[in-house]
Amino acid sequence: MKVPLLDLKPQYKSMKKEIDETLIRIAESQYFILGPEVEKMEKAFEEYLNVQKAYGVSSGTDALLLALMAIGIKPGDEVIVPTFSFFATAGVVARLAAIPVFAEIDPVTFNIDPAKIEEKITPKTKAIIPVHLYGQSCDMDAIMGIARKHNLKVVEDGAQAIGVQYKDGKYVGSFGDVGCFSFFPSKNLGCYGDGGLVVTNDNEIAERLHIMRVHGGKPKYYHKVIGGNFRLDALQAAILNVKLPYLEGWSEARRQNAALYVKFFLVSGLAEEEGKVAFDEKNKVLLPKAVYKSDTVTNYHIYNQFCIRVQKRDELRKFLTENEIASEIYYPVSFHEQECFSDLGYKKGDFPLAEAAESTCIALPIFPELTEEQLQYVVSKIKEFFDKN
Ligand SMILES: *Cc1c(COP(=O)(O)O)cnc(C)c1O
């Protein structure tokens, strides 16, 4: 049985007519950049996420870069980021000649550990970028408390977490000064190319995001500030306008898949419960845990990824590949060990929990259209691997 990591074709098939009509409509309009489709999409996200302003931008990476520019990050400023995330989180800081300062993660959620943030704060610290990794919220109460106490800005990296709610139901991206999202095709809500979104509840920041998206000109060709080309295509916005109403259904299907994985792993005897952080005879597989799960909040986790942890990770991955089960490692090298950041003075051993995650994490297929049989097959093959190893 073949189990791909992600297959977007069934999703397209399920909405082919709407999408095809949209593609043709955009072709016929010959209106390609920003414009009414983008404005319609921005309105929809303002309502959905309950934020004052949303702006469509060219990618999730550009959303982060634009956000840092809009809050005024300058060369030499320090920005605290988790050491365990997709490269863009730290890359955008360095691209502004600011200094990414790495912080340790929580071993259960893989998100930045708020208790490890304060020790990283210096007089040069200007901002924190919490990343809602794999599709669950960071501890935003704690993070916003620290930010307020030290007068720091917060830019949320919600690239993997569109529509995720924190414990009180508030959507991620609406806590900090700017929330950033990605519509890269493999995210829970993907467009047909690159796309992203910035959101804010601050009028001044909103104005800067808006004009910096188009090189900082206002009026056009008169530049008070320096921005860039961070524009979104009308085509991408139109696709998102079609897909947004389906997002919660897809996220729910991912949650159901996650629940099935958990059930099958518990039955297999490879794991005792969710959220364990130490391996032993009864926990050869460490399962993820949705820490803000409650009866009142639906989107406490959207499982952009379902990452388990195992000790012989690379051997398991090879075995799964041989059995036509795809998997991925998010992420094999933490920031503090990346060659491009070697001049920042970190060394292996600085963040043991992130290093434990990078060497044991493996993401299993979790996309909405997977069948129960496929999920069961994945777990049965992992069980077979452990029976032999
Ligand atoms: C995908 C991702 C990004 C970047 O988004 P792009 O749209 O690919 O530029 C940034 N941060 C995280 C955590 C991501 O997963």
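Both counts, for ligands and for their atoms, begin at 1 and track the order of listing.
In this structure, atom 9 (O) of ligand 1 lies nearest to the protein heavy atom T61 OG1, 2.5 Å. In this structure, the protein non-hydrogen atom closest to atom 1 (C) of ligand 1 is K187 NZ, 1.7 Å.
For Q52 (side chain) and D202 (main-chain N/O), no donor-acceptor pair under 3.5 Å exists by modelled atom type.
Between H210 and Y55, the two ring planes are parallel [angle under 30°; tilted spans 30° to 60°].
Donor-acceptor pairing under 3.5 Å is recorded for the side chains of E78 and T122. A side-chain donor from one of D157 and T89 sits under 3.5 Å from a side-chain acceptor of the other.
Using a 4.0 Å cut-off to heavy atoms of V131, the atoms of ligand 1 that qualify are 13 (C). Of all atoms in ligand 1, listed by their number and element, those nearer than 4.0 Å to a heavy atom of S182 are 5 (O), 6 (P), 7 (O).
Residue K218 qualifies as open at atom NZ: its count of foreign heavy atoms under 6.0 Å is 12 or below. Around the CG atom of N50, the shell of radius 6.0 Å holds no more than 12 heavy atoms that belong to other residues, nucleotides or ligands.
Comparing D62, L65, D157 by heavy-atom distance to atom 13 (C) of ligand 1, the nearest is D157. For atom 12 (C) of ligand 1, the nearest non-hydrogen atom from the set A159, G135, G196 belongs to A159.
Considering backbone and side-chain atoms alike, L133 places every N or O at 3.5 Å or more from each N or O of ligand 1.
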